[in-house]
Amino acid sequence: LAWSALWSIPFASETLRGVLEHRYAVREASALPPADVIVVLGGGSNYAWLDREDVDPTRLRSSRLAAGARAWHAGKASKVILSGGGVGNTTEARRMADAIQRLGVPEEALMLEERSHDTRDNARFSTALASEHGGRHLLLVTSALHMPRAKLLFTQAGADVTPVPVPEGRPAVGLRERWLPSRRALWRSGRAFKEFAALTAAWIGARAH
């Protein structure tokens, strides 16, 4: 109970997450280097903003798809790989394709990677797809929490990675938001512990090889 109580405090949760989230700086699209392709990993949004009449990618600061769209609009790469598997016509990559077109990225700029079921698959299949179309320098777009593990796995797969981390939600402000225990903070702490465990496993796997 004491352990759960500790990690349900937003300040403790954000401190824990910050160890991973602050490893790579969030940059504006204009500050990113040119690359061969932009890779956006699935799992980052329920795309609730699709219901809006006017969707502006510059205002969607916590959306992976918006970050990928901003990089594409800034001319950092001509192609965007959307990586996410599934079954039949319901793959995550296809849902992402429908959504990112609302952000101004045309269908002809998109390549769909629909076979992956985890981050290691994302890395293997997306790197291979990028290589088939001209290069291995990737602008890798995923959440800031997920970025350390994603970058490690993509590097293991042979990619030259420039991280494009996307923050998850806004930071807590005010005494009440930072210190009052909440189920949301506990859930966010749980995601961080899961990510630490998965990153450790990926690192051990890399050392073993």
Side-chain angles (χ1 to χ4, degrees), residues 29 32 34-52 55 57 60 62-166 168 191 194-195 198-199 201-202 205-206 209:
L32 296 171
D36 298 314
V37 68
I38 300 161
V39 177
V40 184
L41 302 189
S45 177
N46 60 6
Y47 316 135
W49 44 264
L50 283 173
D51 294 331
R52 304 177 192 172
V55 183
L60 301 174
S62 296
S63 167
R64 301 182 190 185
L65 287 177
R70 290 193 294 269
W72 185 86
H73 284 297
K76 300 305 177 179
S78 61
K79 292 291 185 179
V80 179
I81 293 176
L82 304 174
S83 182
V87 180
N89 293 326
T90 61
T91 65
E92 185 165 22
R94 296 193 184 194
R95 295 194 298 272
M96 293 165 70
D98 291 339
I100 201 170
Q101 289 179 68
R102 284 287 312 277
L103 301 176
V105 181
E107 184 177 4
E108 57 268 23
L110 304 177
M111 294 188 288
L112 306 188
E113 185 288 292
E114 303 179 88
R115 295 185 291 167
S116 60
H117 296 287
D118 55 28
T119 307
R120 191 175 295 278
D121 284 351
N122 290 143
R124 182 160 52 112
F125 297 138
S126 296
T127 299
L129 184 58
S131 297
E132 291 173 7
H133 291 81
R136 286 177 175 258
H137 181 199
L138 315 178
L139 295 180
L140 179 61
V141 183
T142 190
S143 71
L145 184 71
H146 184 224
M147 184 59 77
R149 178 162 60 103
K151 183 178 185 298
L152 174 61
L153 292 173
F154 270 79
T155 300
Q156 289 176 11
D160 176 15
V161 177
T162 295
V164 185
V166 179
E168 292 186 354
R191 287 197 63 232
K194 178 182 177 182
E195 200 59 44
L199 177 60
H209 290 85

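These numbers come from the heavy atoms of this one structure, side chains and all, not from hydrogens, waters or symmetry mates.
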Problem - Donor-acceptor contact present, side-chain Lys151 to main-chain Thr162, <3.5 Å - result: no
Completion exercise
Smallest heavy-atom separation, Ala93 atom then Leu112 atom, equals O-CD2, 3.8 Å
Exercise for the section: Ignoring hydrogens and angles, tell me if any N or O in the side chain of His73 forms a donor-acceptor pair with the backbone of Ala29 under 3.5 Å. Expected result: no
Completion exercise
Test side-chain contact (heavy atoms from CB on, under 4.5 Å), reference Leu41, set Val166, Asn122, Ile81, output is Asn122
Handout entry: Result of checking Leu60, Ile100, Val105 against Leu65 for side-chain contact (heavy atoms from CB on, under 4.5 Å)
Key = Ile100
Fill in the blank from the handout: Looking only at heavy atoms, the pair that brings Ile38 and Gly68 closest together is CD1-O, 4.0 Å
Handout entry: pair Ser83-Phe125: side-chain heavy atoms closer than 4.5 Å
Key = no
Practice task
Can you see which heavy atom on Met147 is nearest to which on Pro165, and at what distance?
Solution key: CE-N, 3.7 Å
Handout entry: Interatomic distance, Arg64 atom CZ to His146 atom NE2 [nearest 0.5 angstrom]
Key = 6.5 Å
Handout entry: Side-chain (Arg149) to main-chain (Glu195) donor-acceptor, under 3.5 angstrom
Key = no
Problem - Expected output: side-chain Trp72 to main-chain Lys79 donor-acceptor under 3.5 Å - result: no
Practice task
For the pair Asp160 (side chain) and Arg136 (backbone), establish whether a donor and an acceptor sit closer than 3.5 Å, ignoring hydrogens and angles.
Solution key: no
Completion exercise
The reported gap from CG in Asp36 to NZ in Lys76 (rounded to nearest 0.5 angstrom) is 14.0 Å
Handout entry: salt_bridge(Arg124, Asp121) N-O dist < 4.0 Å
Key = yes
Problem - Spacing of CG belonging to Leu110 relative to CD belonging to Gln101, to within rounding of 0.5 Å - result: 5.5 Å
Completion exercise
Heavy atoms of Gly104 and Pro106 approach each other most closely as O-CD, 3.5 Å
Problem - Side-chain touch Glu113/Val39, heavy atoms, less than 4.5 angstrom - result: no
Problem - Worked verdict on Leu145 versus Arg191 for side-chain contact (heavy atoms from CB on, under 4.5 Å) - result: CA-CA 9 Å; Leu145 184 71; Arg191 287 197 63 232; 3.8 Å; yes
Handout entry: N/O donor-acceptor pair under 3.5 Å between Glu114 side chain and Arg94 backbone
Key = no
Problem - N/O donor-acceptor pair under 3.5 Å between Arg95 side chain and Thr90 backbone - result: yes
Fill in the blank from the handout: Only one of Val141, Leu140, Thr142 passes side-chain contact (heavy atoms from CB on, under 4.5 Å) with Val164, and that residue is Val141
Handout entry: Arg120 side-chain N/O to Leu153 backbone N/O, donor-acceptor pair under 3.5 Å
Key = no
Handout entry: Point-to-point distance, once rounded to the nearest 0.5 Å, from OG1 of Thr91 to CZ of Arg115
Key = 12.5 Å
Exercise for the section: Please round to the nearest 0.5 Å and tell me the distance separating atom OG of Ser78 and atom NE2 of His133. Expected result: 10.5 Å
Exercise for the section: Work out which heavy atom in Leu139 is nearest to a heavy atom in Ala71; give both atom names and the distance. Expected result: CD1-CB, 4.3 Å
Practice task
Would you check if Met96 and Val40 make a side-chain contact, meaning some heavy-atom pair closer than 4.5 Å?
Solution key: yes
